[in-house]
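I have placed the structure first, in the form of structure tokens, so that the comments after it can refer back to it.
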Amino acid sequence: MAFKHKDIIGLQDLTREEIELLLSTAENLKEINSRDIKKVPTLRGKTVVNLFYEASTRTRTSFEIAAKRLSADTINITASTSSVTKGETLSDTARNVLAMKPDIIVMRHSISGAHHYLAKRVSCSVINAGDGAHEHPSQGLLDMLTMRQKYGKLEGLKVAIVGDITHSRVARSDIFGLTKMGANVFLAGPPTMMPPGIERLGNVTVCKDMREAVDGADVVMMLRIQLERQGKTLLPTMKEYSRYFGLNRNLLQLAKKDAMVMHPGPINRGVELNSDVADSDQSHVLKQVENGVAVRMSMLYHVSGGELPTE
């Protein structure tokens with residue numbers, strides 16, 4: 001099956017078969033990361049621009065490593081050190097970057113929909129590295145890859161997603177991706193952080209409390225409170241949030257015995273995750289980071305139309 005999209009803006013736009021293709025390719029490419037020489041010529045001669053309007057550690061570094069391991073030339077641009085600080089618009093920045101003839105622009109932006117705007121104005125491929133509270137497709141893909149590596153499937157899994165659902169682009173990508181792949185998604189969080197009509201995004205169940213969501217779960221995905229996107233305080237105190245929506249050992253016992261604990265990072269220890277859970281054998285947080293490189297290699301490969309390595 002050929003990947004027919006110029007851009008990857010969100011998992012909402014992809015079919016189940018296209019998601020499966022991206023995951024399977026990531027699985028194949030993952031082997032490169034364990035070699036002594038971690039590089040193949042797949043994207044030699046291609047140029048990837050990482051254009052980040054928001055702070056990022058894991059995503060930006062992961063995309064950069066992914067591009068370099070496929071032998072692409074990479075350029076990193078952050079808003080704080082670019083002409084954006086002088087008042088340049090996204091459209092003008094895009095035109096100037098495009099004049100340098102890049103093949104792929106990987107962008108993170110604080111405004112939902114910014115990638116749709118960009119993709120309509122540039123001829124090169126655009127990959128969404130997170131836009132506002134809309135989507136974070138590479139995170140959704142790496143989450144699914146991590147689950148599939150443990151269970152061998154996504155179909156039929158019970159996945160609990162707990163936290164600030166309203167402002168989480170990760171939650172949306174996970175919901176779009178997991179429901180398309182046949183998983184059962186259960187959501188829990190403070191009422192002030194649960195958007196009305198969230199059920200319309202996919203076959204999801206909104207739970208009255210965290211215990212209901214975690215009970216019998218194969219996967220427990222904890223989300224960070226998105227204080228930078230809330231605009232106003234939506235909960236009395238962090239201590240109260242942790243009491244009702246933090247994951248500790250006692251709550252984790254409600255899940256299946258070998259349930260996975262996941263988190264997109266960065267973790268606020270003692271808020272959404274206790275350290276004894278974050279550092280436990282059930283935690284797959286670092287495995288998510290590891291899989292992020294392979295998933296982003298897959299995304300870069302498929303939008304570039306390159307050929308997979310044979311060695």
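What you see is a predicted model; the values in this text were computed from it and never measured.
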Rounded distance (nearest 0.5 Å) linking atom [atom1] of [X] with atom [atom2] of [Y]:
X: Asn33; Y: Arg69; atom1: CG; atom2: CZ; value: 4.5 Å
X: Leu43; Y: Met297; atom1: CG; atom2: CE; value: 8.5 Å
X: Asp174; Y: Asp143; atom1: CG; atom2: CG; value: 4.5 Å
X: Leu11; Y: Asp13; atom1: CG; atom2: CG; value: 8.5 Å
X: Ser138; Y: Ile127; atom1: OG; atom2: CD1; value: 8.5 Å
X: Asp279; Y: Ile267; atom1: CG; atom2: CD1; value: 7.5 Å

Say whether [X] and [Y] are linked into one hydrophobic cluster, either directly or through other cluster members, by side-chain heavy-atom distances under 4.5 angstrom.
X: Val106; Y: Val289; value: no
X: Val97; Y: Ile111; value: no
X: Ile175; Y: Phe186; value: no

Can a donor-acceptor pair be found between the side chains of [X] and [Y] at a distance below 3.5 Å?
X: Asn50; Y: Glu64; result: no
X: Asn274; Y: Arg269; result: no
X: His136; Y: Arg108; result: yes
X: His263; Y: Glu272; result: yes
X: Thr93; Y: Glu88; result: yes

Pairing of Arg16 and Glu155 as salt bridge, 4.0 angstrom limit: yes

Within-4.5 Å side-chain heavy-atom neighbours: [X] and [Y]:
X: Phe176; Y: Glu135; answer: yes
X: Gln149; Y: Met260; answer: no
X: Pro190; Y: Phe245; answer: yes
X: Arg249; Y: Asp276; answer: yes
X: Tyr301; Y: Thr42; answer: yes
X: Lys68; Y: Val48; answer: no
X: Ile165; Y: Leu223; answer: yes
X: Asn128; Y: Ile8; answer: no

Let me see the working for Met262 and Val220 under side-chain contact (heavy atoms from CB on, under 4.5 Å), right down to the final yes or no. CA-CA 6 Å; Met262 301 177 68; Val220 182; over 6 Å; no

For Leu251, check side-chain contact (heavy atoms from CB on, under 4.5 Å) against everything at least two apart and list the hits. Met210, Arg211, Leu247, Asn248, Leu254

Nearest non-hydrogen partners of [X] and [Y], listed with the distance:
X: Ser71; Y: Pro41; result: OG-CA, 3.6 Å
X: Thr74; Y: Ala67; result: CG2-CB, 3.3 Å
X: Ala119; Y: Val126; result: CA-CG2, 3.9 Å
X: Ala133; Y: Ser112; result: N-OG, 3.1 Å
X: Ile104; Y: Ser304; result: CD1-CB, 4.2 Å
X: Ala255; Y: Ala259; result: CB-CB, 3.7 Å

Is [X] reaching over with its side chain to a backbone N or O of [Y], donor-acceptor style, under 3.5 angstrom?
X: Ser283; Y: Ala278; answer: yes
X: Arg172; Y: Thr166; answer: yes
X: Lys158; Y: Asp215; answer: yes
X: Ser242; Y: Gly270; answer: yes
X: Lys46; Y: Pro102; answer: no
X: Thr61; Y: Thr57; answer: yes
X: Asp218; Y: Leu157; answer: no
X: Ser173; Y: Gly140; answer: no
X: Glu18; Y: Leu14; answer: no
X: His5; Y: Asp7; answer: no

I'd like to know whether [atom1] of [X] has more than 12 heavy-atom contacts from other residues, nucleotides or ligands below 6.0 angstrom.
X: Lys239; atom1: NZ; answer: no
X: Asp281; atom1: CG; answer: no
X: Asp209; atom1: CG; answer: yes

Do Lys153 and Glu20 pass the salt bridge (Lys or Arg N to Asp or Glu O under 4.0 Å) test, and can you show the C-alpha distance, the side-chain angles, and the key distance before you say yes or no? CA-CA 11 Å; Lys153 63 174 185 176; Glu20 178 64 40; over 6 Å; no

Is the distance between the ring centroids of His115 and Tyr117 less than 6.0 Å? no

With a distance cut-off below 6.0 Å to the six-membered ring centre and an angular limit of 45° from the axis, does Arg296 pair with Phe63 as a cation-pi contact? yes

Tell me whether the guanidinium CZ or amine NZ of Arg148 lies under 6.0 angstrom from the six-membered ring centre of Tyr151 and within 45° of its axis. no

When you look at Val206 and Met194, which way does the side-chain contact (heavy atoms from CB on, under 4.5 Å) test go after all the steps? CA-CA 9 Å; Val206 177; Met194 187 67 66; 4.1 Å; yes

Go through it in stages, so that I can follow the logic: the residues are Cys124 and Leu98, the test is side-chain contact (heavy atoms from CB on, under 4.5 Å), and I'd like the CA-CA distance, side-chain angles, deciding distance and then a yes or no. CA-CA 8 Å; Cys124 66; Leu98 194 62; 3.9 Å; yes

Kindly determine whether Lys30 and Glu290 satisfy salt bridge (Lys or Arg N to Asp or Glu O under 4.0 Å), including the steps that lead there. CA-CA 9 Å; Lys30 194 167 184 282; Glu290 178 185 340; 3.1 Å; yes

Checking side-chain contact (heavy atoms from CB on, under 4.5 Å) for the pair Tyr53/Leu90: CA distance, chi angles, key distance, verdict? CA-CA 10 Å; Tyr53 284 81; Leu90 172 59; 3.4 Å; yes

